[in-house]
Amino acid sequence: MDFQTIRKLDGEYLAATYARYPVALVGGKNATLVDSEGKQYIDFGAGIAVNIFGANDEQWKAAVIEQLGKIQHVSNYYYAEPQVRLAQMLCERTGAKRVFFSNSGGEANECALKAARKYSFMKYGEGRSRIVSLKNSFHGRTLFTLTATGQDEFHRYFSPFVPEVAYAAPDMEEVVRAADGRACAVIIECVQGESGVNALPKAIVQALSHWCSENDVLLICDEVQCGNGRCGTLYAYEQYGITPDIVTTAKGLAGGLPIGACLFFERAENAFSAGDHGSTFGGNPVSCAAACNVIGRLTPEFLLEVQGKAAYLRAKLKNFDGVRAVTGLGMMIGLELEKDAKQVAAACLERGLLVLTAHSRLRIVPPLTISKTEMDEGLSILKEVLA
Ligand SMILES: *Cc1c(COP(=O)(O)O)cnc(C)c1O
């Protein structure tokens, strides 16, 4: 199908939820993608921090195809080896005790929020169901996670919302006031993605962690975007010197197939029992086999390379004309610009570079395997557009 046909049919048959760029991507290799008209792009977006190993990665493909050759889906009424392999890997790498698998970031957070309410209910009974979430956070599109998203613009039209969710700035006094003695959990993104790629200050995250453990309030780290090597460590919280009670992740975990994971650490380990939560597709064997390949390859050596690439990109970007600030952590990069970010993203696309925006910022989240040549090509296009 040529692009005009795709665009026409999209406009006719798909729910009008997306403001799309005028491109249909059809293939590629690593961080070099191709559209339906044969035009090439350097990929600084990775499908929103999803395609960890870029497009068409040989090892990842082999892991997926191997599982497809066995079975594509099994019900959670039965045991499944790819699930236990992945859960064991995640627990051994993080110190988590148990994992629940779902299909998306929103679902992983939904699971975490439900588990926090149950944990508190079993221990303290009613009246402690409040979730404290940070202003400018993003946690998903289900009604509970949308409620927990601390941005008013997402809250139009969809009321009534889930009760007992309160918002606070990343400030201890505000958090304690929002908790009001009846919170079961605080949910944070160590690096806020959708609201502009802001890394939370280390001091506040540590203070939060301390306050949570003193008050038996569960600390949930939403690592849907900043996890899975994105920030230069397997999970971003590692760089904050804390141990959360629950970690949620998704986007990059399976390198491009749908998956979500909710990791329970010691305090929250037994929050759920049989029948409390479930998912038909959750823990899909193909997604889990893909994720085993991803986690298995995010070795300390690989993560060091990611840190090196991040430092390289950041050093270059900092010196570009038109860049006011470089934010975020590792390969999760925000750019505060003099020009309008949306217009910059459109101009980049025109010249063959895919970048994302996050609020008023440009967002750069390339495949972690991006080559030096691809980085340089992308950087030179961006430099031209920003000048
Ligand atoms: C993308 C994202 C989500 C939602 O993930 P979906 O897979 O779209 O449901 C939740 N939290 C954060 C931090 C995200 O970046």
Side-chain angles (χ1 to χ4, degrees), residues 50 67 73-123 129 131 133 139-146 148 162 184-189 212 217-228 234-237 243-255 257-292 294-295:
V50 168
Q67 181 57 44
H73 167 82
V74 289
S75 156
N76 280 310
Y77 284 129
Y78 311 105
Y79 291 93
E81 183 186 320
Q83 282 187 14
V84 299
R85 270 185 19 231
L86 178 58
Q88 183 180 26
M89 282 172 111
L90 288 169
C91 288
E92 285 178 358
R93 289 288 294 275
T94 61
K97 300 293 184 194
R98 296 177 183 281
V99 184
F100 180 87
F101 290 119
S102 54
N103 312 289
S104 66
E107 282 176 273
N109 285 332
E110 185 83 20
C111 169
L113 298 173
K114 283 176 70 178
R117 282 192 170 170
K118 168 134 193 256
Y119 170 84
S120 187
F121 184 87
M122 297 309 280
K123 218 163 153 181
S129 57
I131 308 290
S133 151
H139 297 298
R141 304 283 193 162
T142 68
L143 200 53
F144 202 169
T145 60
L146 192 67
V162 177
C184 60
V186 176
I187 182 166
I188 65 168
E189 297 153 88
C212 282
V217 170
L218 299 182
L219 178 62
I220 304 169
C221 282
D222 176 347
E223 297 248 2
V224 169
Q225 187 162 167
C226 62
N228 309 304
L234 187 58
Y235 291 100
Y237 74 79
T243 304
D245 299 300
I246 298 178
V247 170
T248 58
T249 192
K251 288 192 169 79
L253 178 57
L257 288 177
I259 193 168
C262 184
L263 280 60
F264 297 103
F265 289 67
E266 200 157 359
R267 202 142 56 106
E269 175 181 6
N270 295 313
F272 282 146
S273 33
D276 284 341
H277 197 51
S279 167
T280 299
F281 284 119
N284 172 271
V286 184
S287 293
C288 285
C292 284
V294 169
I295 297 298

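Model, not experiment: these values are computed from the prediction.
- When every heavy atom of T145 is checked against every heavy atom of G140, the shortest pair comes out as OG1-C, 3.2 Å.
- Proximity of a side-chain donor or acceptor of R98 to a complementary backbone N or O of F264 within less than 3.5 Å is not detected.
- V162 places none of its side-chain heavy atoms less than 4.5 Å from the side chain of I131.
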| said: Determine whether T94 and V247 satisfy the following criterion, side-chain contact (heavy atoms from CB on, under 4.5 Å), listing intermediate values before the conclusion. | reply: CA-CA 10 Å; T94 61; V247 170; over 6 Å; no
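- Using bins of under 30°, 30° to 60° and over 60° for the plane-to-plane angle, the ring pair H277/F100 lands in the tilted bin.
- Checked by atom type and distance alone, the side chain of Q67 never pairs as donor or acceptor with a backbone atom of A289 at under 3.5 Å.
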| task | Begin from the C-alpha positions of C111 and F272 and carry the test side-chain contact (heavy atoms from CB on, under 4.5 Å) through to its verdict. | result | CA-CA 10 Å; C111 169; F272 282 146; 3.6 Å; yes
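- The OH atom of Y235 lies 10.0 Å from the SG atom of C226; values are rounded to the nearest 0.5 Å.
- Considering only heavy atoms from C-beta on, L90 comes within 4.5 Å of F101 through its side chain.
- Shown here for F144 and K114, the closest heavy-atom pair between the two residues is CE1-N, 4.3 Å.
- At least one donor-acceptor pair under 3.5 Å links the side chain of S287 to the backbone N or O of P258.
- Nearest heavy atom pair, residue A291 against residue I259, reads CB-CD1, 4.1 Å.
- Put simply, the side chain of N76 gets close to the backbone of S279: a donor and an acceptor are under 3.5 Å apart.
- Atom CZ of F265 sits about 8.0 Å away from atom SG of C91, to the nearest 0.5 Å.
- Nearest heavy-atom pair, A116 versus I220, reported as atom, atom and distance to 0.1 Å: CB-CD1, 4.4 Å.
- Counting all heavy atoms, side chain and backbone alike, P82 lies closest to C292 at O-SG, 4.1 Å.
- The NE2 atom of H139 sits 8.0 Å away from the OG1 atom of T248 when rounded to the nearest 0.5 Å.
- With contacts defined as side-chain heavy-atom distances shorter than 4.5 Å, the pair I188/L219 qualifies.
- Around the CD atom of E266, the shell of radius 6.0 Å holds no more than 12 heavy atoms that belong to other residues, nucleotides or ligands.
- Counting heavy atoms from C-beta outward, C288 and R85 have side chains that stay 4.5 Å or more apart.
- Of all the heavy atoms in L257 and A290, the pair that sits closest is CD1-CB, 4.0 Å.
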| field | Step-by-step side-chain contact (heavy atoms from CB on, under 4.5 Å) determination, L253 to V224 | value | CA-CA 8 Å; L253 178 57; V224 169; over 6 Å; no
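- Taking CG of L234 as the reference point, atom CD of E223 lies at 8.5 Å (rounded to 0.5 Å).
- R267 CZ to L218 CG: the interatomic distance, rounded to the nearest 0.5 Å, is 5.5 Å.
- Between the side chain of D276 and the main chain of S273, a donor-acceptor pair closer than 3.5 Å is present.
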| request: Begin with the C-alpha distance, continue with both residues' side-chain angles, and end with the deciding distance and a verdict on side-chain contact (heavy atoms from CB on, under 4.5 Å) for Y119 and K123. | output: CA-CA 6 Å; Y119 170 84; K123 218 163 153 181; 3.1 Å; yes
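- With rounding to the nearest 0.5 Å, the separation of SG in C221 from CG in L263 is 11.0 Å.
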